[in-house]
Amino acid sequence: MAYWVIIRYERNEYVVNFERVTAFCYERNSRVTFWLPDSAIPIVINPQSNLEDYRKILEFIEKVTGLGFEKAYWVKIFYERNEYVINLHCISSFCHEPNGRITFWLPDSSIPIIINPVSNPESYQKVMEYIRQVTGFSLGVRS
């Protein structure tokens, strides 16, 4: 089911299907960034200058993160002092390092997300569980 919204950014209007956005990045200064699907164009929404669209984004994030994990693979991941809300279904590869870290890349932004099991255990478990459920593979286990 599509979730289409109109977003105003830099004097342009974008009609965006939020279901196709791969990630939202919430920064400490309250800005929210997302990347247009199938491109590397970032859209940065600031609540001080665009409260209406900011609320649309937060409403969508609340909706998808409130769904059970078995219905939606949107997860919140804290990385480099920002909170990312990522649709794990859009991630096409994961790298598991010998030290346990997991790296994956946001498809529409080329930003690497590196999750350490010690410093970010909750996010790490979410990603590991997703990989296990969707692929059947358990990373870090040699057979």
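Quick note: numbers below take in every heavy atom, side chains included, and nothing from hydrogens, waters or symmetry partners.
Atom CZ of R55 has 12 or fewer heavy atoms from other residues, nucleotides or ligands within 6.0 Å. Other residues, nucleotides and ligands contribute more than 12 heavy atoms inside 6.0 Å of the CD atom of E27. Annotation for F137: atom CZ does not count as buried by contact number, only 12 or fewer foreign heavy atoms lying within 6.0 Å.
For K56 (side chain) and I6 (main-chain N/O), a donor-acceptor pair under 3.5 Å exists by modelled atom type. A donor-acceptor pair under 3.5 Å links the side-chain atoms of N120 to the main chain of F78, judged by distance alone.
Atom OG of S138 is separated from atom CE of M128 by 7.0 Å, given to the nearest 0.5 angstrom. A distance of 9.0 Å separates CD1 of I111 from CD of E80, quoted to the nearest 0.5 Å. For the atom pair CD1 (I7) and CG (N50), the distance works out to 7.0 Å, reported to the nearest 0.5 Å. To the nearest 0.5 Å, atom CD1 of residue I77 and atom CD1 of residue I114 are 12.5 Å apart. Distance check, rounded to the nearest 0.5 Å: CD of Q125 to CZ of R132 gives 10.5 Å. Expressed to the nearest 0.5 Å, how far SG of C90 lies from CH2 of W74 amounts to 6.5 Å.
Counting all heavy atoms, side chain and backbone alike, N87 lies closest to E19 at ND2-O, 4.1 Å.
Between the side chains of E59 and Y54, not a single donor N or O lies within less than 3.5 Å of an accepting N or O.
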Worked verdict on Y124 versus E129 for side-chain hydrogen bond (donor to acceptor under 3.5 Å, both in side chains): CA-CA 9 Å; Y124 184 85; E129 180 62 19; over 6 Å; no
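Aromatic pair Y3/F60: centroids less than 6.0 angstrom apart. For F34 and F18, the ring centers sit closer than 6.0 Å to each other.
Side chains of V16 and L36 form a contact here, defined as non-hydrogen atoms less than 4.5 Å apart.
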